[in-house]
> 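Here it is: the structure, laid out below.
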Number of protein chains: 2
Amino acid sequence: MNYQQAKIRAEILKALAHPVRVLIVETLSKGNRCVCELNKLADIDQSNISRHLAVLKKAGIVTDCRDGMKVFYHLRTPCILNALKCAVEVMKVEDKIRNYF
Amino acid sequence: MNYQQAKIRAEILKALAHPVRVLIVETLSKGNRCVCELNKLADIDQSNISRHLAVLKKAGIVTDCRDGMKVFYHLRTPCILNALKCAVEVMKVEDKIRNYF
DNA sequence: TGACCTTATGCGGTTATACGCATATTGTTC
DNA sequence: GAACAATATGCGTATAACCGCATAAGGTCA
């Protein structure tokens, strides 16, 4: 893998590397959601959610689809969930160590 | 998943979300490496590599082991490679779209 | 001990992220 | 067209990430 390839991978991972965006992706894994629904995930401004969605969209993780006044988002690459699972694995190992010492 | 859990996951993903750190993890997947070897991966200062390794270590992705003057790093949670594979999948979908339009 | 090798850290500057507020944009309904 | 609802964007600010340089810290060997 060269630097350029690593850079693209890093950009995709970075797009997911924010607590709100993790919540969004996890929620979208259960089905499509409009912005107004996703807005309830955290106590933040609506404009902020909109920006997080733009980040995920730019990275190719989600796509959007307008239906009347609402815009629905859905996961374009469900395999992104594996990245989250992996994060859980890392957490588990850390817990073992925490409990050990 | 609550916000706190999402935050921890995001931190782990963020630790991986940098081109140099992606290169490091990919290299470590082939076996343990000392800092001086990893330093050849990119044309950056040695102190910079050391800092990137500290980030990966803090996230629980790698551990280190001193052997004489050298410090060897190795993957603590190889499943982190799945996160990278996933990034590749996202890239593939993007390529299809790029080629289509 | 002193010269040398390998790795880590303090520091300052630059750049990128994240956020809320206000407001624009898009679409609906009356 | 006017009022309203849902979403996106411009802007200023606060915070965090990244980098190189210099140097410290840990280890080796003559």
Side-chain angles (χ1 to χ4, degrees), chain A residues 3-4 6-25 27-28 31-76, chain B residues 3-4 6-25 27-28 31-76:
Chain A
Y3 191 88
Q4 186 57 29
K7 192 176 173 186
I8 297 172
R9 283 164 174 76
E11 280 168 7
I12 293 166
L13 292 170
K14 191 159 62 176
L16 190 57
H18 184 285
V20 171
R21 297 199 287 269
V22 167
L23 286 176
I24 290 173
V25 167
T27 302
L28 291 182
N32 300 354
R33 297 282 189 281
C34 67
V35 181
C36 54
E37 289 173 298
L38 297 172
N39 204 21
K40 297 168 191 164
L41 288 177
D43 185 28
I44 58 176
D45 199 84
Q46 173 271 324
S47 67
N48 201 358
I49 281 281
S50 190
R51 266 179 234 278
H52 284 305
L53 286 166
V55 170
L56 290 170
K57 185 179 171 186
K58 191 181 175 194
I61 294 171
V62 305
T63 54
D64 58 343
C65 172
R66 180 175 276 276
D67 179 15
M69 280 188 298
K70 296 184 179 180
V71 176
F72 284 83
Y73 282 82
H74 72 276
L75 282 190
R76 194 154 70 85
Chain B
Y3 191 87
Q4 187 57 29
K7 192 176 174 188
I8 297 173
R9 284 163 173 76
E11 279 168 9
I12 293 166
L13 291 170
K14 191 159 60 177
L16 190 56
H18 185 286
V20 170
R21 297 198 287 269
V22 168
L23 286 175
I24 290 173
V25 167
T27 302
L28 292 183
N32 299 355
R33 296 283 188 282
C34 66
V35 181
C36 55
E37 289 174 295
L38 296 172
N39 204 22
K40 298 169 188 162
L41 288 176
D43 186 26
I44 58 175
D45 198 85
Q46 174 270 322
S47 67
N48 202 358
I49 281 281
S50 189
R51 265 180 234 277
H52 283 305
L53 286 166
V55 171
L56 290 170
K57 186 179 170 186
K58 190 180 175 195
I61 295 171
V62 305
T63 54
D64 58 343
C65 172
R66 181 175 276 275
D67 180 13
M69 280 188 300
K70 297 183 178 178
V71 176
F72 283 82
Y73 280 82
H74 72 277
L75 282 190
R76 193 154 70 87

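Proteins get letters first, then strands, A, B, ... in listed order; numbering begins at 1 in each.
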> Please determine if a side-chain N or O atom of B/Asn48 lies less than 4.0 Å away from the OP1 or OP2 oxygen of D/dG20.
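Indeed, a polar side-chain atom of B/Asn48 lies that close.
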> Round to the nearest Å and state the distance from A/Ile44 atom CD1 to C/dC21 atom C1'.
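Going from CD1 in A/Ile44 over to C1' in C/dC21 covers 14 Å.
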> Minimum heavy-atom separation for B/Ala15 and B/Leu56, please, with both atom names.
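Closest approach of B/Ala15 to B/Leu56, heavy atoms only: O-CD2, 3.5 Å.
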> C/dT6 C1' sits how many Å from B/Arg66 CZ, rounded?
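Going from B/Arg66 (CZ) to C/dT6 (C1'), I get 7 Å.
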> Can you tell me which nucleotide in C/dT28, C/dA8, D/dT7 comes closest to the side chain of A/Met69?
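Closest nucleotide among those given: C/dT28.
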> Which heavy atom of A/Arg21 sits nearest to which heavy atom of A/His52, and what is that distance?
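Result for this residue pair: NH1-ND1, 2.9 Å.
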> Without decimals, in angstroms, what is the distance between B/Arg51 CZ and D/dA16 P?
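Atom-to-atom, B/Arg51 to D/dA16, this comes out as 17 Å.
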> What is the distance, rounded to the nearest whole Å, between atom NZ of B/Lys58 and atom C1' of C/dT9?
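Whole-Å distance recorded here is 15 Å.
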> Quick one: closest heavy-atom pair of A/Leu28 and A/Tyr73, and the distance?
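Minimum heavy-atom contact is CD2-O, 3.4 Å.
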> Nearest to the side chain of A/Ser50, heavy atoms from C-beta on, is which of C/dC11, D/dC11, D/dT7?
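Between C/dC11, D/dC11, D/dT7, the one nearest the side chain of A/Ser50 would be D/dT7.
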> When you measure from the side-chain N and O atoms of A/His18 to the phosphate of C/dA16, is any distance below 4.0 Å, counting only OP1 and OP2?
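No, A/His18 has no side-chain N/O under 4.0 Å of OP1/OP2 on C/dA16.
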> Over how many whole Å does the gap from A/Ile49 atom CD1 to C/dG20 atom P extend?
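Value for this atom pair: 10 Å.
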> Report yes if some heavy atom in the side chain of B/Tyr3 is under 4.5 Å from a heavy atom in the side chain of A/Leu41; otherwise report no.
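A side-chain contact under 4.5 Å is absent here.
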> Just call it for B/Tyr73: base, sugar-phosphate, or nothing, with non-hydrogen atoms closer than 4.0 Å on any strand.
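Sugar-phosphate, no base atom in range.
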> Report the distance from atom CG of A/Leu38 to atom P of D/dT7, rounded to the nearest whole Å.
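Distance, rounded to whole Å: 9 Å.
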> Whole-Å distance between D/dT23 C1' and B/Asp45 CG?
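The distance from CG of B/Asp45 to C1' of D/dT23 comes to 12 Å, rounded to the nearest Å.
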> Hey, is the side chain of A/Arg21 poking within less than 4.0 Å of OP1 or OP2 on C/dA18, counting only N and O atoms?
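Result: yes.
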> Quick check for you: among D/dC19, D/dT7, C/dA8, whose closest atom lies nearest to any side-chain atom of B/Val35?
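Of the candidates, C/dA8 comes closest.
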> Does D/dA17 have its OP1 or OP2 closer than 4.0 Å to a side-chain nitrogen or oxygen of B/Lys14?
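Indeed, a polar side-chain atom of B/Lys14 lies that close.
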> Where each residue is assigned the nucleotide of DNA chain C containing its nearest heavy atom, which of A/Gly68 and B/Lys70 is assigned the position nearer the 5′ end?
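Of the two residues, B/Lys70 wins.
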> Could a donor-acceptor pair under 3.5 angstrom be found where the side chain of A/Gln46 meets the base of D/dA6?
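It does not, because no donor-acceptor pair links the side chain of A/Gln46 to the base of D/dA6 below 3.5 Å.
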> B/Asn39 and B/Asp45: which non-hydrogen atoms are nearest, and at how many Å?
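B/Asn39 and B/Asp45 have their closest heavy atoms at OD1-O, 4.1 Å.
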> For C/dT17, does either OP1 or OP2 sit under 4.0 Å from a side-chain N or O belonging to A/His52?
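Indeed not, no polar side-chain atom of A/His52 lies that close.
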> Please report the distance, rounded to the nearest Å, between NZ in A/Lys40 and P in D/dT7.
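My rounded result for the distance is 10 Å.
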> Check whether the side chain of A/Ser47 and the base of C/dC21 form a donor-acceptor pair under 3.5 Å.
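A donor-acceptor contact between them is present.
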